[in-house]
Amino acid sequence: MLNVVEKVLVTQEEIVKRSIELGKEITEDYKQANEIPLVVGLLKGSVPFMAELMKHIDLDFQFDFMDVSSYEGTESIGDIRIMKDLDISVKGLSILLVEDIVDTGRTLKEVRRMLLNKGAKEVKIVSLLDKPERRVVEVDADYVGFTIPNEFVIGFGLDYNQKYRNLPYVGVLKKEIYTEE
């Protein structure tokens, strides 16, 4: 798979180190607020990051998943689709959304709005990556692992047409891979 990666942006070691830092920060914030969040992973991309992050949050929290999409290939299509909703009610709960990347912001803005409309007390966002150059709607993560440039990234949950999610790092996909299709 290395022949599809132009360069490594974030190493596995950097991801683990930053997950430890984020876990401590999240733990302190929720302890100070006397809240226990429902940790919600957005499938499929958040799974590796969520698995790493959860090990470092020192709270007795529940977690669940939503499957929400706004991408086809390399572009956000702006149409938010929910394939799997949460299994429990969010009424009165503090939600911590776990995302792989904040890109255009469309998905997170819509998911946050939906959860608040369902009665969530608050919705905070933790994202492994933030790509502010691509933002088309106003949404900011409360916790960010790494801010990255506007490059097409794969690995550690991020994919190109459902491939390369299992890379243990975040890399830039070679342009010829996604322009030849």
Which heavy atom in [X] sits nearest to a heavy atom in [Y], and how many Å separate them?
X	Y	value
T27	H56	OG1-O, 3.8 Å
K118	V90	CB-CG2, 3.7 Å
Y143	L22	CB-CD2, 3.8 Å
D60	I36	O-CG2, 3.3 Å
L173	I154	CD1-CD1, 3.7 Å
K31	L59	CG-CD2, 3.7 Å

Taking the side chain as everything from C-beta on, heavy atoms only, tell me whether [X] gets closer than 4.5 Å to [Y].
X	Y	result
L96	F61	no
E99	F49	no
L97	V111	yes
Y164	D159	no
R112	I125	yes
V102	V139	yes
V5	V172	no
V40	F63	no

I need the single residue from R134, K7, K131 that forms a salt bridge (charged side-chain N to carboxylate O under 4.0 Å, His left out) with E151. Which is it?
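It is K7; the other options fail the test.
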For a salt bridge (charged side-chain N to carboxylate O under 4.0 Å, His left out) with K17, tell me which candidate from E21, E13, E14 qualifies.
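It is E21; the other options fail the test.
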Distance, nearest 0.5 Å, that separates [atom1] of [X] from [atom2] of [Y]:
X	Y	atom1	atom2	result
R18	E52	CZ	CD	13.0 Å
I88	L93	CD1	CG	6.0 Å
S94	L38	OG	CG	9.5 Å
S19	I26	OG	CD1	9.0 Å
T11	F156	OG1	CZ	10.5 Å
K124	D140	NZ	CG	14.0 Å

Would you call [X]-[Y] a salt bridge at under 4.0 Å N-O?
X	Y	result
K175	E6	no
K121	E35	yes
R135	D103	no
K24	D29	no

Please find out if less than 6.0 Å separates the ring center of Y178 from that of F152.
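Under 6.0 Å, so yes.
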Does F65 have K44 sitting over its ring (NZ/CZ under 6.0 Å from centre, angle to axis within 45°)?
no
Just to verify, which of L53, D142, V144, V39 counts as forming a side-chain contact (heavy atoms from CB on, under 4.5 Å) with V126?
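For V126, the side-chain contact (heavy atoms from CB on, under 4.5 Å) test succeeds with only one of L53, D142, V144, V39, which is L53.
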Hey, any chance [X] and [Y] share a hydrophobic cluster, counting ILVMFWY side chains that come within less than 4.5 Å of each other, even indirectly?
X	Y	answer
V16	V8	no
I20	V170	no
L86	M83	no
L42	M114	yes

Check the pair L128, I101 against side chain to side chain contact (heavy atoms under 4.5 Å, CB included), reporting the backbone distance first and the verdict last.
CA-CA 6 Å; L128 175 62; I101 187 168; over 6 Å; no
Where the side chain of R165 meets the backbone of G155, is there a donor-acceptor pair that is under 3.5 Å apart?
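Side chain of R165 to backbone of G155, a donor-acceptor pair under 3.5 Å: no, none is there.
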Going through the distances and angles, do K174 and V4 end up as a side chain to side chain contact (heavy atoms under 4.5 Å, CB included)?
CA-CA 6 Å; K174 287 182 179 175; V4 302; 5.6 Å; no
